[in-house]
4 protein chains.
Amino acid sequence: MIKVTIWNENRHEQTNPDVKEIYPDGIHNAIAGFLKEDFEVTTATLDEPEHGLTEEVLNNTDVLIWWGHLAHEDVQDEIVERVRNRVLDGMSFIPLHSAHGSKIFHVLMGTRTGELKWREADDTERLWVVDESHPIVDGLPDMIEIEKEEMYGERFGIPQPEELIFISWFSGGEVFRSGCTYKRGKGKIFYFRPGHETYPTYYQKEIQQVIHNAVKWAAPNKRSPKIHLGNVEPLEAIK
Amino acid sequence: MIKVTIWNENRHEQTNPDVKEIYPDGIHNAIAGFLKEDFEVTTATLDEPEHGLTEEVLNNTDVLIWWGHLAHEDVQDEIVERVRNRVLDGMSFIPLHSAHGSKIFHVLMGTRTGELKWREADDTERLWVVDESHPIVDGLPDMIEIEKEEMYGERFGIPQPEELIFISWFSGGEVFRSGCTYKRGKGKIFYFRPGHETYPTYYQKEIQQVIHNAVKWAAPNKRSPKIHLGNVEPLEAIK
Amino acid sequence: MIKVTIWNENRHEQTNPDVKEIYPDGIHNAIAGFLKEDFEVTTATLDEPEHGLTEEVLNNTDVLIWWGHLAHEDVQDEIVERVRNRVLDGMSFIPLHSAHGSKIFHVLMGTRTGELKWREADDTERLWVVDESHPIVDGLPDMIEIEKEEMYGERFGIPQPEELIFISWFSGGEVFRSGCTYKRGKGKIFYFRPGHETYPTYYQKEIQQVIHNAVKWAAPNKRSPKIHLGNVEPLEAIK
Amino acid sequence: MIKVTIWNENRHEQTNPDVKEIYPDGIHNAIAGFLKEDFEVTTATLDEPEHGLTEEVLNNTDVLIWWGHLAHEDVQDEIVERVRNRVLDGMSFIPLHSAHGSKIFHVLMGTRTGELKWREADDTERLWVVDESHPIVDGLPDMIEIEKEEMYGERFGIPQPEELIFISWFSGGEVFRSGCTYKRGKGKIFYFRPGHETYPTYYQKEIQQVIHNAVKWAAPNKRSPKIHLGNVEPLEAIK
């Protein structure tokens, strides 16, 4: 069974009554709610020791889901480095929404992933499927409509996605690359845009389906090749 | 259970005693031998009516494996078009070795896929894994050595692969992009180089593992999005 | 100096007074108008012998721009094959707007490039730049607004672009991958969406800039490597 | 005229007589020698103040070429960050050979770019062209043979290249992705493998041609789009 750790900053939920009303147990538990039937799910939050991301926790994680927003800077560099190493060693990583600005996504991408346009104005968002063959779109309609969401607009400061799965339309006039995959080392990465804390986005069935599919897609190889590196003897005689 | 159809030209086996000795039941049955335990496997060959690829057969196929070499031109254009349409509609396609020159691979790629260097001279081939995160390399070493194989050398007339998984080294001095994935419509494609008819390549465990993994990777979505096309009404009022 | 041939179906201009009013000399001449200062420009149209695309014309073309719509089927297969071969041999190809459904784009892509959503309803189109480093966006703003255009919506039946440069937003609620590059053989391809025949799109400065940039980007290598193919001798002794 | 800064660690040249004999004025000046006719060339080295990479120098650089090997750790983090920012803002970057292990390549890629196989054993290297349409291969043969070089072997710890241009064959049995492009922000990146300090590789005409071509390809846009970011007003009324 795939082992999923859902990490949440969990700060808005403590301080903003509107968020607390929507996600009374935190965004992490809302996500855990629709994943726990099919996966082995654990949660971790910023204010736990080591942000809940000890070596042991990470070594027991196949797929790490990440939600953060206002406290990116509070994540310790040492933990960021630990997570990065686990991704390169084969743990998959699914940053959601404002996790675009997280330190860990930033160091894995190498670019200014925090850069984009944004607006909190109840835009309607439509996520159009542009890669119909991808496992992440299984069971979806060809467009997901979210009645109200925060807007994110291009130019998004990411490297060109290896696979672009969704493009978002916003009623205010912008577009966004909303579902993007990357591979880094042995780890797979899926960035997925929706999920502002003041909207009930993670209760929407299609959004749950995307995240559920993404976890399955991200499951690491069980017997990944052992890679030999460094100074090596030739396999053939060199003349 | 994933439904696999293995298509083989099956001509060398009838006319060349050396090939018949290696593959007495045909290459298709050698491949079926290591897939049938985990998948629902059928075979089809060139000299059957409609080359064994009736509408019914294709509609009951999730993944089509293709081996052809000296009789590419004998495959009827109508059947090529039928296969192409099924790929675009979601059947995956795994052309092996000399199937690089098949009509169906050619029309799906749009380039001169028949173009490459080749030599039958007992080169040693080493396939180096360059994408260690890919499901197709699960359970492999970081390099597969084939003692003797036909050489294929660059420049191979393909579009840039969407994912490049293996690069081959040949003792005569050439390299080759040996494991390449593409998506076309709802279908996934994996070209895999090894398997000249005069060598027992398909009995090698690592090669079997690659093809086995590829079938699993290629399994189509069960509930692919229904795509709406053509003239559509606006979703928003246009001023 | 880069040699550009602009091919136009040139049928709407003969039969539809609205189109004739906007493009009295044909779309091809409107495009020639803003390219001829910097490039060596020729035009060709469907109803000329061999559609104006003789071997000699194509051999003297570095970049072929293509506009077609209602008469894709009237383009002879022999000429399509001739153009395809020239692209693979190094002539670049820039299909505009409804040329997505042309035979030549179809055979080069291998997919159902005719498939998309469409609507003629005076949508506003905004093309957002998503690849800010690309030569094709030089001199542009970060978004091009076209007041009124035909809508094209996803899912567009193309292979994943090698580079995605523009994404369009439409007021009716759709998005589209509007600027896409591919390489096929020695040829470069840039699909660019805008330019419905009933709108004066090709008179808009930013659209002209994109096409001008695209021609420069598409200029073929002057001394492309001579590729050796077929049966070759080994470069190293094979044991 | 394109402004090129060639950065060299310049340590081997001071301490190793064999290297000094091959590159008496340093690798940077050997490279400057074949670029200065067509470009405006400056050099900078590790032991200059700020490693010769002041804000002013970088702001006057279009393309930064980088050679480093044994002193990657001596490059100050502050300068690495400065270079990274300039790349994202539009300066192109060409890391050569052992610069795969440099801090700056590492932070731009996000992966363990130092990871690969290596051997100093006078392997013959053959770089095969696999992207014949690319400007970087203009004027080359379809294969570059280097009589003796250090071997680098896969698995190379890079993200999948956006364009793969060369694949190397080594006589000892390995392969390597030797010419890889990426885009990061407004900057273009070309990693090129050859050039170990104990071989006269940078005097070989084809190698010089590749680097010359790469500088031309990497020339930044002159009028790159001004990107608007952050909190923005809607372009359309939101209902």
Side-chain angles (χ1 to χ4, degrees), chain C residues 87-92 123-124 126-145 161-166 169-173 181-189 206 209-210 213 216-229 232 235-237, chain D residues 87-92 123-124 126-145 161-166 169-173 181-189 206 209-210 213 216-229 232 235-237:
Chain C
V87 171
L88 298 177
D89 288 337
M91 179 183 73
S92 290
D123 278 76
T124 295
R126 291 195 183 89
L127 295 106
W128 291 96
V129 170
V130 297
D131 182 350
E132 61 189 315
S133 70
H134 205 283
I136 288 179
V137 305
D138 191 45
L140 296 179
D142 67 346
M143 183 267 287
I144 301 172
E145 182 166 326
E162 297 177 16
E163 298 170 313
L164 178 61
I165 301 179
F166 300 104
W169 177 100
F170 290 95
S171 39
T181 78
Y182 299 90
K183 290 179 280 190
R184 291 294 180 267
K186 295 191 180 183
K188 292 178 202 148
I189 298 171
E206 297 100 326
Q209 181 77 56
V210 171
N213 289 346
K216 284 205 288 186
W217 166 80
N221 284 339
K222 294 212 176 85
R223 300 165 302 150
S224 196
K226 176 164 170 40
I227 305 290
H228 299 86
L229 296 168
V232 294
L235 301 161
E236 302 279 335
Chain D
V87 171
L88 298 177
D89 288 336
M91 179 183 73
S92 290
D123 278 76
T124 295
R126 290 195 184 90
L127 295 106
W128 291 96
V129 171
V130 297
D131 182 350
E132 62 189 314
S133 69
H134 206 284
I136 288 180
V137 305
D138 191 45
L140 296 178
D142 67 347
M143 184 268 287
I144 301 172
E145 182 167 325
E162 297 177 16
E163 298 171 312
L164 178 61
I165 301 179
F166 299 105
W169 177 100
F170 290 96
S171 39
T181 78
Y182 299 90
K183 289 179 281 191
R184 290 294 181 267
K186 294 191 180 184
K188 292 178 201 148
I189 298 171
E206 297 100 326
Q209 181 77 56
V210 171
N213 289 346
K216 284 205 289 186
W217 166 81
N221 284 339
K222 294 212 176 85
R223 301 165 301 152
S224 196
K226 176 164 170 41
I227 304 291
H228 299 85
L229 296 168
V232 295
L235 301 161
E236 303 279 335

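Please read all numbers here as calculations on a predicted model, not as lab measurements. In the text below, chain A, chain B and the rest are named by the order of the sequence lines, each starting its count at 1.
Within the 4.5 angstrom heavy-atom criterion, only backbone atoms of D:Lys226 (N, CA, C, O) approach chain C. Proximity to chain C is absent for every atom of D:Trp217, based on heavy atoms less than 4.5 angstrom apart. D:Pro135 touches chain C through backbone and side chain together, each having a heavy atom under 4.5 Å away. Neither the backbone nor the side chain of C:Glu145 has a heavy atom closer than 4.5 Å to any heavy atom of chain D. For D:Glu163, the part sitting under 4.5 Å from any heavy atom of chain C is the side chain, from C-beta outward, and nothing else. Interface remark: C:Arg184 contributes no atoms to any contact with chain D (heavy atom separation under 4.5 Å).
With respect to chain D, the highest number of heavy-atom pairs below 4.5 Å among C:Ala219, C:Gly185, C:Ser171, C:Gly187 belongs to C:Gly185. Contacts with chain D were tallied for C:Glu162, C:His134, C:Glu236; C:Glu236 has the most, counting heavy-atom pairs under 4.5 Å.
The closest donor-acceptor contact from the side chain of D:Asp138 to the backbone of C:Lys222 lies under 3.5 Å.
Here the closest heavy-atom approach between residue D:Asn221 and residue C:Val137 is recorded as ND2-CG2, 3.9 Å. Heavy atoms only, all atoms of each residue included: C:Met143 and D:Leu235 are closest at CE-CD1, 4.1 Å.
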